[in-house]
Amino acid sequence: MVGLIFFAIILVFIYKYAFKKNKKPEGFEDVPFISGLPVAWAYLRQRNYDEIGDLIRNLSGGHGFYLSRFGSFIQLNIASPDYAKILLTQSEDAAPKSEQNPTSILYKFFGNGLPFSNGDKWRAHRKLATPAFNNALSPEMVGETTLDLISFIQQNLNRPIDVFEIMQRTTIEVLGKLAFGYKFGCLESEETPHIIKVYKYVISTIVSPYRRVFRWISKLPIESNKKFMNAIEEFDGFIFDIIETKRNEIKKNPYNKGHDLLTSMLELGEQEGINTDVKQLRDEMVNFFVAGHDTTSMSLSVSLYYLAKYPEMQEKARAEVINILGNFPNTLPNSDQLKELKYVSAIIKESLRIHPPVPVITFRKLKKPVKIDKYTLPINTTLLVNAWQIHHDPKYWENPKQYNPERFLNNEKRHPFAWIPFSAGPRNCIGQNFSLMEQKVIISMLLLKYNWTLPKNSINKDKLLLAPQFLLRPVDLKLIFTERIN
Ligand code: HEM
């Protein structure tokens, strides 16, 4: 019976998508329209993200933008650096983020943190968070966490190890210290800390392709939705406790300055008279936590994968690191040395180009008309920027499917909006510099200590398989680490 109801719902859904007239807004008759159906179908079948990217490119004919529909909403997708520049450099008030529906599954967890807020609230919190990030740029802290990663890998030498999982463990530890000076213990044993299991459960529910395509599932009074809300409550309790503890620490000892984001934001909030109520701080911490670690884990995994696939690149990167840091495993790089790691930097940039962890930059809704090329986009147009399409456009990238860090070394002139893994303009990624620093420290320390290869039977041998989620992640990516002999 349940199966039958489900089947009927799918039929209605297909009917809505396939047969509802794809009416283009006036003036956009020559813009390609991509029906949501083939893309939603590819998501549901969990096709490799590469294939979804190609599907969109084929359907849009490589046009600088295309229309698509999700449910009853028609949105404009930008797939050209010129158009991305026009949208992303609009003032915050002209092209704010689309308001989240308070009943949506996304809002329930992310709330109104920086990535989702607008107007004065966003401005006040961005003002608090920016200096907090500058204070927190500490390669030493990341280096010390990488030493814990190295101890973790030592227990798993010479056998396939899930690289995304160990990068997640590492970036969660870094994030815990960066955001609120907290040690989760993810690198102390194979056992995942309970609160991280809770977090992973919440995220896996949010990114479930079924829930993303059939949004109403999350509104049903079913057991899995209750479990989801209980998990959010438990995670919130954990964050609220941390905020409370920090506030008390600052009161007790106002001169003992911590360098974590939460402490800096509480202190600065006090100085500047900016209200930092506990719910808003909770939202910021949750967003830093989510935005800050899965993205960086993905990017690190991609770099480690290509260095395993192309051993000559691994050797070249190692030679550079040895040249700058010396041939001593467990050396912690400092900021000056990191600046000199040009090839390692190019590897990271190329990884972020070829598989941007955030392939689609989220919805904006226009508050004033914007002219793009010959089109005037009216107020209330909903837009997305498809970073993946821009990063794979042969007009801007020679051989876009080829992994080639050299393209970032030869100072070749390119469109400033052709590489936008961190978005751009006023709503760009606030953690960009931190993440780039973190990746350089981790990769250089791993290069000093280990060689790594793909297992012979790796499913990723020919190409990296990527699960199509809101944030990309590799599928079953395992690598074998062996200790280097100096
Ligand atoms: C490789 C790593 C990262 C990538 C690829 C990345 C990518 C992005 C992108 C594309 C955006 C814009 C999102 C949108 O408009 O839809 C963004 C915003 C943001 N990111 Fe990152 N990010 C990374 C690391 C981090 C880190 C380490 C943190 C914090 C610890 C962070 C915190 C944020 C926040 C708070 C925003 C919202 C900024 C605002 O709207 O003012 N990100 N990031």
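If you read the sequence from its start, that first residue is 1, and numbering goes on from there.
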Undergrad: Please collect all salt bridge (charged side-chain N to carboxylate O under 4.0 Å, His left out) contacts where either partner lies in residues 92-108, sequence neighbours excluded, each pair once.
TA: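 Pairs touching residues 92-108 that pass the test: Glu92-Arg427, Asp93-Arg123.
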
Undergrad: Taking CD in Glu233 as the centre, count heavy atoms belonging to other residues, nucleotides or ligands within less than 6.0 Å. Is the count above 12?
TA: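 Open: at most 12 neighbouring heavy atoms sit under 6.0 Å from CD of Glu233.
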
Undergrad: Restricting to non-hydrogen atoms, name the atom on Ala84 and the atom on Val385 that form the minimum distance, rounded to 0.1 Å.
TA: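 So the minimum-distance heavy-atom pair works out to CB-CG1, 4.1 Å.
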
Undergrad: Not counting sequence neighbours, list each pair that qualifies as a ring pair (Phe, Tyr, Trp, His ring centres under 6.0 Å) and has a residue in residues 149-170.
TA: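 Matches after skipping sequence neighbours: none remain.
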
Undergrad: List for me each residue that meets side-chain hydrogen bond (donor to acceptor under 3.5 Å, both in side chains) alongside Thr170, sequence neighbours excluded, and say none if there are none.
TA: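 Partners of Thr170 by the side-chain hydrogen bond (donor to acceptor under 3.5 Å, both in side chains) criterion come out as none, since no residue qualifies.
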
Undergrad: Establish, from distance only, whether the side-chain atoms of Tyr450 and Gln314 form a donor-acceptor pair under 3.5 Å.
TA: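 Looking only at side-chain atoms, Gln314 and Tyr450 do not form any donor-acceptor pair under 3.5 Å.
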
Undergrad: Around atom NZ of Lys368, are there more than 12 heavy atoms of other residues, nucleotides or ligands at under 6.0 Å?
TA: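 Incorrect, the count does not exceed 12.
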
Undergrad: Answer with yes or no whether the side chains of His355 and Tyr306 bring together a donor and an acceptor at under 3.5 Å.
TA: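 Yes, side-chain donor-acceptor contact under 3.5 Å.
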
Undergrad: State plainly whether the residues Glu244 and Arg247 are in salt-bridge range, i.e. N to O under 4.0 Å.
TA: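 No, this pair does not count.
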
Undergrad: Partners of Thr192 by side chain to side chain contact (heavy atoms under 4.5 Å, CB included), sequence neighbours excluded?
TA: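 In terms of side chain to side chain contact (heavy atoms under 4.5 Å, CB included), with neighbours along the sequence ignored, Thr192 is linked to Arg169, Ile196, Lys197.
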
Undergrad: Tell me every residue that passes side chain to side chain contact (heavy atoms under 4.5 Å, CB included) with Ala95, counting only those two or more places apart in sequence or in another chain.
TA: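 For Ala95, the residues satisfying side chain to side chain contact (heavy atoms under 4.5 Å, CB included) (neighbours in sequence not counted) are Leu87, Gln90, Arg364, Leu366.
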
Undergrad: Would Lys309 count as a cation-pi partner of Tyr403, with NZ or CZ less than 6.0 Å from the six-membered ring centre and within 45° of the ring normal?
TA: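 No - Lys309 does not lie over the ring of Tyr403 by the 6.0 Å and 45° rule.
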
Undergrad: Pro160: which residues meet the side chain to side chain contact (heavy atoms under 4.5 Å, CB included) condition with it, sequence neighbours left out?
TA: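 So Pro160 forms a side chain to side chain contact (heavy atoms under 4.5 Å, CB included) with Pro455, Lys478, Ile480.
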
Undergrad: Is it true that atom NZ of Lys227 has more than 12 heavy atoms of other residues, nucleotides or ligands lying nearer than 6.0 Å?
TA: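 No, NZ of Lys227 has 12 or fewer neighbouring heavy atoms, counting only those of other groups under 6.0 Å.
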
Undergrad: Using a distance-only test with no angle check, is there a side-chain donor-acceptor pair under 3.5 angstrom linking Glu340 and Asn323?
TA: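 Short answer, no.
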
Undergrad: Mind checking what makes salt bridge (Lys or Arg N to Asp or Glu O under 4.0 Å) contact with Lys367, not counting sequence neighbours?
TA: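 Result, salt bridge (Lys or Arg N to Asp or Glu O under 4.0 Å) vs Lys367: none returned.
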
Undergrad: Using side-chain contact (heavy atoms from CB on, under 4.5 Å) as the criterion, point out the one residue from Val344, Leu307, Ile347, Ile354 that pairs with Pro405.
TA: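 Single pass found, and it is Ile347.
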
Undergrad: Got a sec, which pairs hit salt bridge (charged side-chain N to carboxylate O under 4.0 Å, His left out) with one end in residues 125-140, sequence neighbours left out?
TA: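 For residues 125-140: Lys127-Glu272.
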
Undergrad: Checking Glu249 against Thr245: is there a side-chain donor and acceptor pair closer than 3.5 Å?
TA: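 The answer is no; no qualifying pair exists.
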
Undergrad: Over all heavy atoms of both residues, which pair between Val475 and Ala467 is shortest? Give the atoms and the distance, please.
TA: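 Nearest pair, atom of Val475 first, then Ala467: CG2-N, 3.5 Å.
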
Undergrad: Going by atom types only, do Ser299 and Gln439 share a side-chain donor-acceptor pair under 3.5 Å?
TA: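 Indeed, the side chains of Ser299 and Gln439 share at least one donor-acceptor pair under 3.5 Å.
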
Undergrad: Could you tell me whether a side-chain N or O of Glu173 sits under 3.5 Å from a main-chain N or O of Cys186, the two making a donor and an acceptor?
TA: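 Checking the backbone N and O of Cys186 against the side chain of Glu173, a donor-acceptor pair under 3.5 Å is found.
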
Undergrad: Which residue pairs satisfy the ring pair (Phe, Tyr, Trp, His ring centres under 6.0 Å) criterion with at least one member in residues 85-105, sequence neighbours excluded?
TA: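 For residues 85-105, and leaving out neighbouring residues, there are no ring pair (Phe, Tyr, Trp, His ring centres under 6.0 Å) pairs at all.
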
Undergrad: Identify each donor-acceptor pair in which a side-chain atom of residues 142-151 lies under 3.5 Å from a protein atom, sequence neighbours left out, and give them as a table.
TA:
residue	atom	partner	partner atom	Å
Thr145	OG1	Met141	O	2.9
Thr145	OG1	Lys177	NZ	2.9
Thr146	OG1	Val142	O	2.7
Ser151	OG	Leu147	O	3.2

Undergrad: Would you find more than 12 non-hydrogen atoms of other residues, nucleotides or ligands less than 6.0 Å from Lys85 atom NZ?
TA: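 Counting neighbours around NZ of Lys85, 12 or fewer heavy atoms of other residues, nucleotides or ligands fall under 6.0 Å, so no.
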
Undergrad: Got a sec, which residues hit side chain to side chain contact (heavy atoms under 4.5 Å, CB included) with Asp336, two or more places apart in sequence or on another chain?
TA: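 Checked Asp336 against side chain to side chain contact (heavy atoms under 4.5 Å, CB included); matches are Asn334, Lys339.
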
Undergrad: Report yes or no: does Asp260 contribute a side-chain atom to a donor-acceptor pair with the main-chain N or O of Leu178 at less than 3.5 Å?
TA: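 No, Asp260 side chain to Leu178 backbone: no donor-acceptor pair under 3.5 Å.
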
Undergrad: Can you name the salt bridge (Lys or Arg N to Asp or Glu O under 4.0 Å) partners of Glu284, sequence neighbours left out?
TA: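 Expected list: none.
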
Undergrad: Tell me the closest heavy-atom pair linking Asn118 and Pro96, and the distance in Å.
TA: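 In terms of heavy atoms, the two residues are closest at OD1-CB, 3.2 Å.
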
